[in-house]
Amino acid sequence: MTFKHNFKKVLSATAFAAALVVAPAANVSAATNDASSTQQSATATSQDQQASQDQAASQSSAANQSSATAASASASTSTSSATSTSTVKKTTKKAKKTTKKSKKKKAVKKVAKKTTKKKATKKAKKTSKKSTKKTTKAATAAVTASAGQSQATDQQDDAAKKAAEAAAKKAAAKKKAAAKKKAAAKKKAAAKKKAAKKSAEKAAKYWIAMRESGGSYTARNGSCYGRYQLLISYLGGDLSKKNQERTADRYVYGRYGSWVNAKRFWLAHNWY
């Protein structure tokens with residue numbers, strides 16, 4: 001920006017000097033024409049010629065001064081241009097150096113960034129591996145603990161099941177023993193009852209025999225005969241003790257159901 005501004009200033013000064021040079025030259029040309037016209041007409045005086053010559057000399061001096069000024073301006077412009085060119089070159093070199101330094105810094109930053117990224121990636125991978133190992137170990141430990149707990153639970157379940165089975169067997173055995181004992185007691189009671197009944201029957205039978213014949217198998221009272229005074233027709237011609245017992249039982253159980261009932265009837269009616 002500084003170079004362009006200086007260059008514009010130089011161009012303006014050059015144009016101004018050129019204008020100064022052209023203007024006196026035009027005046028000189030006009031004076032020469034006037035002198036020529038005076039000489040041709042031969043009516044001007046020598047004073048006028050002298051004045052014209054003085055004026056021409058003055059104008060010539062002014063033109064020389066203008067030329068010098070223009071040359072000086074041109075030299076100044078050349079110097080300013082050279083200075084500007086040098087400044088531009090220096091600025092360009094500095095800009096190039098700055099650009100190179102900037103590129104180097106960017107390259108260094110890029111390399112550092114890549115290195116940092118690689119380190120971060122490696123660190124992340126290591127951390128991930130460690131985390132994975134820890135997770136795997138934790139999972140394995142959890143599975144092992146779960147398996148152990150499951151095994152312990154299974155063992156507890158088996159123990160509880162066995163205990164329940166043992167308790168059930170014990171209860172069943174106890175129940176069976178109780179039932180067996182109850183059946184034995186019932187059987188014993190029945191046997192006792194039967195024995196008592198048998199004893200009562202035997203006693204009732206003996207009681208009737210004693211009332212009917214005094215217990216004699218040969219006692220006779222009309223058509224009745226024997227220990228139980230049965231009709232002779234009931235004995236079927238067999239007067240033996242065994243037949244008398246068998247026939248008496250058949251008669252009593254068939255008519256009264258038992259000797260006890262027969263005794264009750266006898267007590268009520270004095271016969272059976």
Side-chain angles (χ1 to χ4, degrees), residues 133-272:
K133 285 182 179 179
K134 285 183 180 179
T135 305
T136 305
K137 284 183 180 179
T140 305
V143 169
T144 305
S146 178
Q149 189 175 2
S150 178
Q151 189 175 1
T153 305
D154 291 341
Q155 289 177 355
Q156 289 178 358
D157 291 341
D158 290 340
K161 191 176 181 181
K162 286 180 180 179
E165 288 177 355
K169 283 182 180 180
K170 191 175 181 180
K174 194 175 181 180
K175 190 176 181 181
K176 190 177 181 179
K180 192 175 182 180
K181 189 177 181 180
K182 189 177 180 181
K186 192 176 181 180
K187 190 176 181 180
K188 188 177 181 180
K192 191 175 181 181
K193 189 177 180 181
K194 189 178 180 179
K197 186 179 179 181
K198 189 176 182 179
S199 178
E201 286 290 298
K202 189 176 181 180
K205 187 178 182 180
Y206 178 79
W207 187 89
I208 288 175
M210 293 305 290
R211 292 293 181 277
E212 290 291 332
S213 65
S216 175
Y217 283 102
T218 59
R220 188 167 184 164
N221 185 11
S223 60
C224 296
Y225 182 83
R227 185 180 174 87
Y228 301 102
Q229 289 298 296
L230 297 171
L231 292 171
I232 294 176
S233 60
Y234 286 172
L235 294 173
D238 186 1
L239 301 177
S240 65
K241 292 180 180 180
K242 190 177 181 178
N243 189 44
Q244 284 185 41
E245 293 289 338
R246 185 169 54 244
T247 303
D249 286 336
R250 186 167 60 246
Y251 169 74
V252 169
Y253 285 117
R255 184 169 183 173
Y256 301 105
S258 67
W259 284 100
V260 174
N261 292 336
K263 180 183 178 181
R264 287 194 192 105
F265 187 84
W266 199 102
L267 287 170
H269 302 90
N270 204 26
W271 62 277
Y272 76 103

* **Partner set under side-chain hydrogen bond (donor to acceptor under 3.5 Å, both in side chains) for R264, not counting sequence neighbours** => N261
From [atom1] ([X]) to [atom2] ([Y]), nearest 0.5 Å:
X	Y	atom1	atom2	value
K205	Y228	NZ	OH	4.0 Å
E245	Y217	CD	OH	4.0 Å
F265	W271	CZ	CH2	4.0 Å
C224	L231	SG	CG	5.0 Å
L235	Y225	CG	OH	8.5 Å
Y256	K263	OH	NZ	15.0 Å

* Between the main-chain N or O of D238 and the side-chain N or O of N243, is there a donor-acceptor pair closer than 3.5 Å? -> yes
* **Side chain S213, main chain A209, donor-acceptor under 3.5 Å** => yes
* Structure fact -> The side chain to side chain contact (heavy atoms under 4.5 Å, CB included) partners of Y206 (sequence neighbours excluded) come to M210, R227
* Asked: Quick one: side chain to side chain contact (heavy atoms under 4.5 Å, CB included) partners of N270, sequence neighbours excluded?
  -> W266
* Donor + acceptor pair across side chains of Q229, Y272 (<3.5 Å) -> no
Nearest atoms (heavy-atom pairs only) where [X] meets [Y]:
X	Y	value
L230	Y251	CD2-CD2, 4.1 Å
A262	V252	CB-CG1, 3.8 Å
S258	E201	CB-OE2, 3.0 Å

* Asked: Tell me, do R220 and I232 make a side-chain contact under 4.5 Å, heavy atoms counted?
  -> yes
